[in-house]
*Asks:* 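One structure coming up, written as structure tokens, with questions to follow.
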Amino acid sequence: MNTNGHVVQATNLSKTYSTGGREVEALRGIDLTIAPGEFTVLLGPSGAGKTTALNVVGGLDRPTGGELTVAGEVIAGNGHRAREGQLDALRRKHIGFVFAQFHLLPTLTAVENVLVPMIWEDASDRGRAEGLLRRVGLDHRLTHRPDELSGGEMQRVALARALVNRPALLLADEPTANLDTHTRDEIFELLRELSDEGLAILFATHDHELAERGDTVLRLSDGVIADD
Amino acid sequence: MTLTRLAFKTLLQRPARTLLTIVSVAASVAVLFSLLSFNGGYQAGLKKQMQQMGVHLMVVPIGCPYEAASLVLEGGEIATYLSDDIVEKIAEMEGVAIAAPSLMHAIVRPEDGRTDIYLGIDGEHLALKNWWRLNDGRKPGAALLNNPNSLLMGWDAALIERREEIGEKMWVPEIETEFAVTGILEPTGTQDDGFFYVPLNTAQKLFDLDGQITAVQVRLTDPALAAEVADELEVAFPGAEIIRMEELLGSMTALMDSARALIFAIVAVVIAISGVGVLNTMLMSVFERTREIGVLRATGAGRLHVFGLVWTESLVLTGIGGAVGLGLAAVAARGVESIIKRFVPMAPVEAMTQFDPRAALICVLAILGVGLVAGIYPSLRAANIRTIEALRSE
């Protein structure tokens with residue numbers, strides 16, 4: 001598949017689950033391209049398929065149909081199916097995840113949490129981790145544990161963790177859902193800055209106001225991207 | 001940040017549970033290490049004590065030979081006796097260097113909470129114990145027992161009686177006799193230190209045992225003759241039991257080996273139980289951290305990474321438990337030894353437990369082996385958690 005320099009190129013991507021004896025079509029032939037530095041917002045209500053789309057693009061789940069290439073790695077297409085090890089390596093090297101619930105490890109300090117993805121690369125660059133935490137405005141919270149941080153601070157740590165291995169793509173699954181409006185805007189602006197610096201971002205949200213601030217807005221409903 | 005550090009920090013998520021598991025591992029390692037150390041120390045101590053005695057054969061009245069030997073060595077009253085006319089005959093046998101008769105009698109002093117052991121001996125006994133020295137540095141000679149009221153005191157006996165001067169009188173009300181201290185022995189580190197030595201004839205008279213003795217301790221010109229001379233003694237004195245000290249040592253060791261096998265079986269069960277404890281702790285931890293494991297996978301961890309993390313946690317848990325257990329065993333060694341000595345036959349006087357690096361290594365390897373085995377199933381469970389489901393879990 002020719003990606004034309006896109007970080008993500010998905011064509012006719014579908015995902016069908018089998019649950020409770022019935023088939024659920026979570027994604028129904030979506031097309032998606034994200035260029036470096038592009039801030040793409042996936043907008044839709046709960047159950048629309050946003051998280052499924054992020055999981056498939058991030059290699060956490062496999063598509064049941066269509067073609068998908070991420071950071072030059074063919075995940076699916078033309079009968080090819082990436083091995084699990086390939087998907088792990090893809091996430092490790094090229095993708096960062098941010099979740100609504102932050103998902104920090106409670107017994108680790110902020111710096112240690114940021115360093116976790118480096119463990120899988122047999123690397124440890126504390127200087128980079130501290131630099132990233134300063135970048136997200138947490139230079140005074142380096143050695144604090146998650147229970148000593150506010151929601152916004154925890155999300156900033158999670159963001160630094162997602163960036164530590166220098167990914168090409170950031171997948172953000174409703175990262176502002178549990179934050180107050182002010183903090184939500186701060187986090188969003190931070191993401192915008194990162195995007196401006198060349199990071200491709202796929203941002204899932206049900207917040208229309210936020211969505212309007214993205215470069216590209218894809219409205220997802222019942223697993224289908226609606227035409228604008 | 002390394003995998004080991006992450007494993008260590010993860011264990012701190014449930015400190016109480018981690019601590020309890022470490023305590024159970026530490027307890028089993030402490031018991032295993034104490035037993036291994038004690039066993040080696042006991043055998044070495046017993047052998048040394050036997051060798052120090054300079055006795056190759058012991059002639060005692062018929063009965064349980066090991067009980068008799070134990071009583072002769074440790075002090076105690078044997079209810080049956082031998083006739084002292086056998087001593088000369090034994091001394092004349094080929095291969096016998098020294099035949100030293102002795103008559104042992106106990107005086108119980110309940111008001112003082114002690115039992116004094118009086119040993120009637122002659123000059124041959126002093127020749128047999130040629131390493132004995134008086135507290136003034138001299139070698140004790142037969143002249144110390146010339147007077148019927150002579151009293152040669154072991155170091156501990158003198159200490160208990162608070163006797164320091166030669167010529168001091170000591171009244172023994174139970175036998176209405178006054179002795180004169182002729183010498184005090186330097187400490188030997190054996191049971192000899194606790195005895196009161198009096199002339200054999202005096203002991204026979206005082207305890208109404210004229211012509212009778214408790215045992216004859218025999219030193220041979222060549223220890224290799226022990227079996228041969230023992231056979232000859234058995235033929236010559238059918239009413240006596242002949243004990244070869246070498247056999248006694250072997251029998252004691254065999255007895256200890258049997259007890260040890262039983263104890264080790266119990267320890268194996270204890271270790272297995274602590275292994276199940278580790279497995280349970282790790283499995284619960286994996287179940288509780290399902291979502292966390294999903295997050296780790298999302299950050300790029302592969303199945304092998306997750307397997308390695310949980311396995312390392314299991315090893316860290318048992319490793320810390322093992323280290324704590326070894327420390328505990330080392331600190332509590334003396335206390336444990338004093339308890340064990342109460343139940344072990346012929347326990348050597350000197351320390352039986354000492355830090356044995358080989359035993360420590362065995363314990364460390366054993367417990368790490370437990371950690372490795374106990375960690376396999378939880379690690380597999382963790383590695384096989386489906387990332388998507390893990391991220392959805394509460």
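Lettering of chains follows the sequences in order, A, B, ..., and the numbering in each one begins at 1. Atom set for the values below is all heavy atoms of this structure, side chains included, hydrogens, waters and symmetry mates excluded. Being a predicted model, the structure only gives us computed values, none of them experimental.
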*Asks:* Any sub-3.5 Å donor-acceptor pair from A/S195's side-chain atoms to A/L191's backbone N or O?
*Replies:*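 Not confirmed, A/S195 side chain does not pair with A/L191 backbone.
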*Asks:* My understanding is that only residues two or more places apart in sequence, or in another chain, count here; which of them pass side-chain hydrogen bond (donor to acceptor under 3.5 Å, both in side chains) with A/D88?
*Replies:*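 Result, side-chain hydrogen bond (donor to acceptor under 3.5 Å, both in side chains) vs A/D88: A/R91, B/R297.
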*Asks:* Under 4.5 Å from any heavy atom of chain A, what part of B/L296 do you find: side chain, backbone, both or neither?
*Replies:*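 For B/L296, heavy atoms of backbone and side chain both lie under 4.5 Å from chain A.
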*Asks:* Quickly, which of B/R289, B/R5, B/K9, B/R14 forms a salt bridge (Lys or Arg N to Asp or Glu O under 4.0 Å) with B/E313? Name it, please.
*Replies:*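 Answer to the salt bridge (Lys or Arg N to Asp or Glu O under 4.0 Å) test with B/E313 among B/R289, B/R5, B/K9, B/R14: B/R289.
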*Asks:* With a 4.5 angstrom heavy-atom cut-off, could you sort out which part of A/A123 is near chain B: side chain, backbone, both or neither?
*Replies:*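 A/A123 touches chain B through backbone heavy atoms alone.
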*Asks:* Test side-chain contact (heavy atoms from CB on, under 4.5 Å) on A/L68 and A/V8; report intermediate values, then the result.
*Replies:* CA-CA 7 Å; A/L68 173 64; A/V8 178; 4.3 Å; yes
*Asks:* Heavy-atom cut-off 4.5 Å, strictly under: side chain, backbone, both or neither for A/R126 against chain B?
*Replies:*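 When you check distances to chain B, no heavy atom of A/R126 falls under 4.5 Å.
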*Asks:* Hey, which residues of residues 107-122 of chain A are touching chain B, say heavy atoms under 4.5 Å apart?
*Replies:*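 Listed by number: A/T107, A/L108, A/E112, A/L115, A/V116, A/P117, A/I119, A/W120.
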*Asks:* Nearest 0.5 angstrom please: B/S285 OG to B/I293 CD1, how far?
*Replies:*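 If I round to the nearest 0.5 Å, the distance is 7.0 Å.
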*Asks:* With chain B as the partner chain, list the residues of residues 49-66 of chain A whose heavy atoms fall under 4.5 Å from it, by residue number, and write 'none' if nothing qualifies.
*Replies:*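 Heavy-atom contacts from residues 49-66 of chain A to chain B are A/N55, A/L60, A/D61.
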*Asks:* Under 3.5 Å, side chain of B/S314 to main-chain N/O of B/V310, donor-acceptor pair present?
*Replies:*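 The answer is no, because no donor-acceptor pair under 3.5 Å joins these two groups.
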*Asks:* What residue in B/I388, B/T387, B/T10, B/V295 has the most heavy-atom pairs under 4.5 Å with chain A?
*Replies:*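 Top count of heavy-atom pairs under 4.5 Å with chain A: B/I388.
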*Asks:* Are the side chains of A/R156 and A/I187 in contact, using a 4.5 Å heavy-atom criterion?
*Replies:*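 Contact flag for A/I187/A/R156 side chains = yes.
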*Asks:* Indicate the ring-plane relationship of A/F188 and A/F203, choosing parallel, tilted or perpendicular according to the 30° and 60° boundaries.
*Replies:*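 Rings of A/F188 and A/F203: perpendicular, as their planes differ by over 60°.
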*Asks:* Verify, without hydrogens or angle tests, whether A/E130 (side chain) and A/G127 (backbone) share a donor-acceptor contact under 3.5 angstrom.
*Replies:*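 No: the side chain of A/E130 does not pair with the backbone of A/G127.
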*Asks:* Are the side chain of B/R303 and the backbone N or O of B/A383 linked by a donor-acceptor pair below 3.5 Å?
*Replies:*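 Flag set: sc B/R303 to bb B/A383 pair under 3.5 Å.
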*Asks:* Could you tell me which residues satisfy salt bridge (Lys or Arg N to Asp or Glu O under 4.0 Å) with A/D31, sequence neighbours excluded, listed by chain and number?
*Replies:*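 For A/D31, no residue satisfies salt bridge (Lys or Arg N to Asp or Glu O under 4.0 Å) once neighbours in sequence are set aside.
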*Asks:* Using modelled atom types and a 3.5 Å cut-off, is there a donor and acceptor pairing between side-chain atoms of B/H305 and backbone atoms of B/G302?
*Replies:*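 Here the side-chain-to-backbone pair exists.
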*Asks:* Taking every non-hydrogen pair under 4.5 Å, which of B/T299, B/L3, B/L391, B/L304 racks up the most with chain A?
*Replies:*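 Between B/T299, B/L3, B/L391, B/L304, the count favours B/T299.
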